[in-house]
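Below: one structure, written as structure tokens.
Reminder, nothing fancy here: chain letters follow the sequence lines and each chain counts from 1.
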Protein chains: 2
Amino acid sequence: MSYKEKKVMTIGLVSELTGLSERKIRYYEERKLIFPERTAGGTRKYSFLDIERLCEIAEKMEDGLFTREIKELERRKRKSASLA
Amino acid sequence: MSYKEKKVMTIGLVSELTGLSERKIRYYEERKLIFPERTAGGTRKYSFLDIERLCEIAEKMEDGLFTREIKELERRKRKSASLA
DNA sequence: CGTGTAAGGAATTCTGACACG
DNA sequence: CGTGTAAGGAATTCTGACACG
């Protein structure tokens, strides 16, 4: 696993790097759009890939999509990718 | 700056990844062998490169070197590199 | 010299809820 | 639905010091 995928950042830093509120970041997790890991104590840890993913999500939210639709879009992408 | 050099990890994770105690990690900083950044609140943040560096330091410490000698070795390396 | 540890405080994060719309 | 916020607690980190050797 490369550095990009390793879950190492706390939510505070992710919030800083993405410009998204911690509230939003936790909410997108609740909606199953991102999947941080946890420390033994329960603190969330994110990867650089999660940061990129969050930026994409943020763009789509700005376009007025619902989290549900974003989830749906990804499902389709995966499907077409598996057909290629 | 690549993911590798970006200072993003807390000391707890670094301790876990390197197997070194937080005490040791803070001490090597005190001896100017590593240079973590800080959050506004004062929490240290390390990069993947710091992790590699710490592992090298740990090896040399196991070989019985003093932190002072490790520092010295690096000074020489930089010098020979600049001559090349 | 290098490192463990107990101490007390401060920064950070967590969850569940209320609010608004 | 998506997001802000105040609340209270828990996990995490910080510093300076004492200890040993």
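The phosphate of D:dG2 (OP1 or OP2) has a side-chain N or O of A:Y27 nearer than 4.0 angstrom. Close to C:dT13, at under 4.0 Å from its OP1 or OP2, lies a side-chain N or O of A:T10. OP1 or OP2 of D:dT3 lies within a sub-4.0 Å distance of a side-chain N or O belonging to A:Y28. At least one side-chain nitrogen or oxygen of A:T39 sits closer than 4.0 Å to the OP1 or OP2 atom of D:dT12. An OP1 or OP2 oxygen of C:dG2 is reached within less than 4.0 angstrom by a side-chain nitrogen or oxygen of B:R31. For C:dG2, the OP1/OP2 oxygens have a side-chain nitrogen or oxygen of B:T67 closer than 4.0 Å. Residue B:R26 places at least one side-chain N or O under 4.0 Å from the OP1 or OP2 atom of D:dC14. A close approach under 4.0 Å does not occur between any side-chain nitrogen or oxygen of A:R38 and OP1 or OP2 of D:dA10.
When rounded to the nearest whole Å, the span between CD1 of B:I25 and C1' of C:dT5 equals 16 Å. Distance B:E22 CD to D:dT12 C1': 8 Å, rounded to the nearest Å. Going from atom CE of B:M9 over to atom P of D:dT13 covers 13 Å, rounded to whole Å. One interatomic measurement links the two molecules: CD of B:E29 to C1' of D:dC14, which rounds to 11 Å at whole-angstrom precision. If you take CD of A:E69 and C1' of D:dG2, they are 13 Å apart, rounded to a whole angstrom. Between the P atom of C:dT12 and the CD1 atom of B:I11 lies a distance of 15 Å, rounded to the nearest Å. The distance between atom CG of A:L20 and atom P of D:dG2, rounded to the nearest whole Å, is 14 Å. Taking atom NZ of B:K45 as the reference point, atom P of C:dT13 lies 10 Å away to the nearest angstrom.
Heavy-atom neighbours of B:K6 NZ from other residues, nucleotides or ligands within 6.0 Å: at or below the threshold of 12.
In this structure D:dT12 sits in a base pair with C:dA10, meeting the Watson-Crick or G-U test at under 3.5 Å. A 3.5 Å limit on both hydrogen-bonding distances identifies C:dC18 as the Watson-Crick or G-U partner of D:dG4.
If you run salt bridge (Lys or Arg N to Asp or Glu O under 4.0 Å) between A:R44 and each of A:E30, A:E22, A:E29, A:E37, only A:E29 comes through.
A distance-only check finds a donor-acceptor pair linking the side chain of B:R53 to the backbone of B:L33 [under 3.5 Å]. At distances below 3.5 Å, at least one donor-acceptor pair connects side-chain atoms of B:D50 with backbone N or O atoms of B:S47.
Remark on DNA chain C: of its neighbouring residues B:G42 and B:S21, the 5'-side contact belongs to B:S21, judged by nearest-heavy-atom nucleotide. Comparing B:A40 and B:K24 by the nucleotide of DNA chain C whose heavy atom lies nearest to each, the residue mapping closer to the 5' end is B:K24. For the pair A:F66 and B:Y46, nearest-nucleotide mapping onto DNA chain D gives the more 5' position to A:F66.
Ion pairing between A:E74 and A:K77 fails under the 4.0 Å rule for side-chain N and carboxylate O.
Of all the heavy atoms in A:M61 and A:F66, the pair that sits closest is SD-C, 4.5 Å.
If you check distances only, the side chain of A:R23 does reach the base of D:dT5 with a donor-acceptor pair under 3.5 Å.
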